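Okay, structure first, notes after.
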Amino acid sequence: MRNPLLHINYQLSIINCTLLLLASCRGPEVIFPPEVVPTGDTVKSEIVGFYLLNEGNMGSNKATLDYYDFTSGEYIRNIYAAANPNVAQSLGDVGNDLKIYGNRLYAVINASNFIEVMSADSAKHIGTIEVPNCRYLRFKDGFGYVTSYAGPISLDPEYTQIGYVAKFDTATLQIVATCNVGFQPDELEIVGSKLYVANSGGYMVPNYENTVSVIDLNTFAETHRIVVAENLHHLRMDAHNQLWASSRGDYYGTPSRLYCIDTQADKLIDSVNIATSNFCLDGDSLYVYGSAFSYVTMQDEMNYNIINVRTHQVVSDRFISDEVEITHPYGIMVHPVSKDIYLTDAKNYVTPGTLHCFDKTGALKWSVRTGDIPAHMAFLYKISK
């Protein structure tokens, strides 16, 4: 993980407030022509392809959307601009999450304060949902749920604006309710009738949050919180009533770690002593990578592990080939049929990154250039079309 002063979309200390205001709206001034790159790799299944959302450096208004076609084996850069020539040339400022629900594609554009809603089969613009400082998405029963930092982008130990979860109707794209949670809520996960929210407190360094909020979806009210660890980020539910949570730590004496919550008792039951920046769940295998920055060592400690979520054991210390040099791993996804592993490299965070495809043994199959800071991926199934 990068320097903590940069970890809120990782760009705060290199821009000023004027630039943020200017870049918060989309505009036609940045033009990225679409490019098609053949890889020759095709996969036959119900999954026809996947989208990749490139975050773009904060303040640069360069969030872009790419698409990989499993039928043709082609990687298409900046497909949003090609599909929407009359809307905008870029998606906006900082793409923070990407999900497909039904036949629609949703992209969270954090610093531009909205969710871009598109047709899943064409990436054509449908509408937007305005949410201040929006972060991550989940869906259930025709409603979407998105976390919001609520307040302005600012590092302040005395930050007073708590965050919330907004509930919106996917048919009308209207927000119908909100629920307050902790400070700077990040990823969320739905388990039955409960919604879990990772509170980070990321703006309040060194006064980080350490709880997961639990929301009753029937009443849409927070019922309680579970104390887990400092500076929480990602959440993922497995098939054993367990919720896995990543903690960034404090970048000094408290390291990044992986934690496990029993969702029936709503209590912390275990931790795994590995740095966890991001992860992807496939069956009982949790693919974890760690790129944890420490002010003590002034270095990033890299790890690529597979955890068996049933036994909580580390079953692999390296799930990709040692021959591939990755500067800053950033996004990860595993194909549920082929078991191919897709891992992105953000490189220096200000120039185009790389998407690597590894087979299930960890051998590299192909690599392609992406947009700046390739981060979030979403599979497109035939039913979505």
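Just so we're clear, the structure is a prediction, and the values are computed from it rather than from any experiment. Throughout, residue positions are numbered sequentially from 1 according to the sequence presented.
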Does Lys167 count as lying over the ring of Phe143, i.e. NZ or CZ under 6.0 Å from the six-ring centre, within 45 degrees of the axis? yes
Determine whether the side chains of Asp266 and Tyr196 contain a donor N or O and an acceptor N or O closer than 3.5 Å. yes
Would Ile76 and Leu105 show up in the same hydrophobic cluster when neighbours are defined by side-chain heavy atoms closer than 4.5 Å? yes
Would you say Asp238 and Trp244 make side-chain contact, with heavy atoms under 4.5 Å? yes
Minimal heavy-atom distance between Leu155 and Gly202, with the atoms involved, is CD2-O, 3.9 Å
Is Asp250 reaching over with its side chain to a backbone N or O of Gly253, donor-acceptor style, under 3.5 angstrom? yes
Do Leu91 and Val117 belong to the same hydrophobic cluster, where Ile, Leu, Val, Met, Phe, Trp and Tyr are linked whenever their side-chain heavy atoms lie under 4.5 Å apart, directly or via other members? no
Test salt bridge (charged side-chain N to carboxylate O under 4.0 Å, His left out) on Asp340 and Lys365; report intermediate values, then the result. CA-CA 9 Å; Asp340 285 348; Lys365 297 178 68 175; 2.9 Å; yes
Considering only heavy atoms from C-beta outward, does the side chain of Ile162 approach that of Val181 to under 4.5 Å? no
Identify the residue among Asp169, Thr170, Leu173 that makes a side-chain contact (heavy atoms from CB on, under 4.5 Å) with Ile129. Leu173
We want to know whether Asp282 and Ser285 form a side-chain donor-acceptor pair, criterion being a heavy-atom distance below 3.5 angstrom. no
Check Arg225 against Thr211 and note the closest heavy-atom contact, atom names and distance. CD-OG1, 3.7 Å
Please work out whether the ring planes of Tyr289 and Tyr304 are parallel, tilted or perpendicular, with thresholds of 30° and 60°. tilted
Flag, side chain of Glu189 to backbone of Met237, donor-acceptor distance under 3.5 Å: yes
The single option from Asn308, Ile306, Leu258 passing side-chain contact (heavy atoms from CB on, under 4.5 Å) against Leu286: Leu258
Just do the side chain to side chain contact (heavy atoms under 4.5 Å, CB included) check on Val314 and Val272 with the steps written out, would you? CA-CA 8 Å; Val314 177; Val272 182; 4.1 Å; yes
Any idea how Phe379 and Tyr381 line up, ring-wise: parallel (<30°), tilted (30 to 60°), or perpendicular (>60°)? perpendicular
What class does the angle between the rings of Trp366 and Tyr68 fall in, given that below 30° is parallel, 30 to 60° is tilted and above 60° is perpendicular? parallel
Residues, nucleotides or ligands: over 12 heavy atoms within 6.0 Å of Lys140 NZ: yes
Assigning hydrophobic clusters by single linkage (Ile, Leu, Val, Met, Phe, Trp, Tyr; side-chain heavy-atom cutoff under 4.5 Å), is Tyr80 placed with Leu98? yes
Asp345 versus Thr354, side-chain donor and acceptor atoms under 3.5 Å: no
Atom OG1 in Thr263, atom CD1 in Ile261: separation rounded to 0.5 Å? 9.0 Å
Nearest non-hydrogen partners of Tyr208 and Asn231, listed with the distance: CE2-ND2, 3.4 Å
Name the one of Leu137, Val131, Val176 that satisfies side-chain contact (heavy atoms from CB on, under 4.5 Å) with Phe168? Leu137
If you take all heavy atoms of Pro374 and Thr344, which pair is closest and at what distance? O-OG1, 2.8 Å
Does either side chain, that of His233 or that of Asp186, offer a donor lying less than 3.5 Å from an acceptor on the other one? no
So, taking the atom named CG in Asn54 and the one named OH in Tyr330, what distance separates them when rounded to the nearest 0.5 Å? 11.0 Å
Ignoring hydrogens, what is the shortest heavy-atom contact between Ala378 and Met333? Give both atom names and the distance. N-SD, 4.2 Å
Decide, yes or no, whether a salt bridge links Asp216 with Lys194 under the criterion of side-chain N to carboxylate O below 4.0 Å. no
Any donor-acceptor pair under 3.5 Å from Thr276 side chain to Asn278 backbone: no
Under 3.5 Å donor-acceptor, His234 side chain and Phe279 backbone: no
When rounded to the nearest 0.5 angstrom, what distance separates CZ in Arg257 from OG in Ser247? 9.0 Å
Short side-chain to backbone donor-acceptor contact, Thr370 and Gly353, under 3.5 Å: yes
Centre-to-centre under 6.0 Å for Tyr67 and Phe50, is that the case here? no
Flag for Tyr203-Gln161: side-chain donor and acceptor within less than 3.5 Å: no
Would you find more than 12 non-hydrogen atoms of other residues, nucleotides or ligands less than 6.0 Å from Lys124 atom NZ? no
Between Asn207 and Pro157, what is the shortest heavy-atom contact and its length? ND2-O, 3.2 Å
Given salt bridge (charged side-chain N to carboxylate O under 4.0 Å, His left out), test Asp372 with Lys62 step by step and report yes or no. CA-CA 8 Å; Asp372 295 2; Lys62 286 175 63 178; 2.7 Å; yes
Using a distance-only test with no angle check, is there a side-chain donor-acceptor pair under 3.5 angstrom linking Glu230 and Thr254? yes
With a 3.5 Å cut-off and no angle check, do the side chains of Asp284 and His240 form a donor-acceptor pair? yes
Short side-chain to backbone donor-acceptor contact, Ser154 and Asp156, under 3.5 Å: no
Carboxylate-amine/guanidinium proximity below 4.0 Å for Asp97 and Lys99: yes
Examine the side chains of Asn199 and Ser213 and answer whether a donor and an acceptor come within less than 3.5 Å of each other. yes
Residues Glu187, Arg135: salt bridge by 4.0 Å N-O rule: no
Kindly compute the distance separating CG (Asn218) from OG1 (Thr223), expressed to the nearest 0.5 Å. 11.0 Å
Would you say Ser200's side chain and Gln184's backbone share a donor-acceptor pair under 3.5 angstrom? yes
Run the ring-centre check on Tyr349 versus His328 and record whether the distance is less than 6.0 Å. yes
Could you tell me how the ring of Tyr106 sits relative to the ring of Phe139: parallel (under 30°), tilted (30 to 60°) or perpendicular (over 60°)? tilted
Spacing of Met377 atom CE and Ile100 atom CD1 [to the nearest 0.5 Å]: 13.0 Å
Polar contact flag, side-chain donor to acceptor under 3.5 angstrom, Asp66-Tyr51: no
Counting distance only, does the side-chain N/O of Arg104 pair as donor-acceptor with the main-chain N or O of Met118 below 3.5 Å? no
Less than 3.5 Å apart, any donor N or O on the side chain of Asp359 or Thr361 sitting next to an acceptor on the other? yes
So, Asp121 and Asn103: side-chain donor and acceptor under 3.5 Å apart, yes or no? no
Do Thr178 side-chain atoms and Ala166 backbone N/O form a donor-acceptor pair below 3.5 Å? no
Leu243 versus Tyr259: any side-chain heavy-atom pair under 4.5 Å? no
Using 30° and 60° as the class limits, which term best fits the ring planes of His335 and Phe70: parallel, tilted or perpendicular? perpendicular
Is it true that a side-chain atom of Asn210 and a backbone atom of Val228 form a donor plus acceptor pair closer than 3.5 Å? no
Look up atom CG in Asn133 and atom OG in Ser112, then write down how far apart they are to the nearest 0.5 Å. 11.0 Å
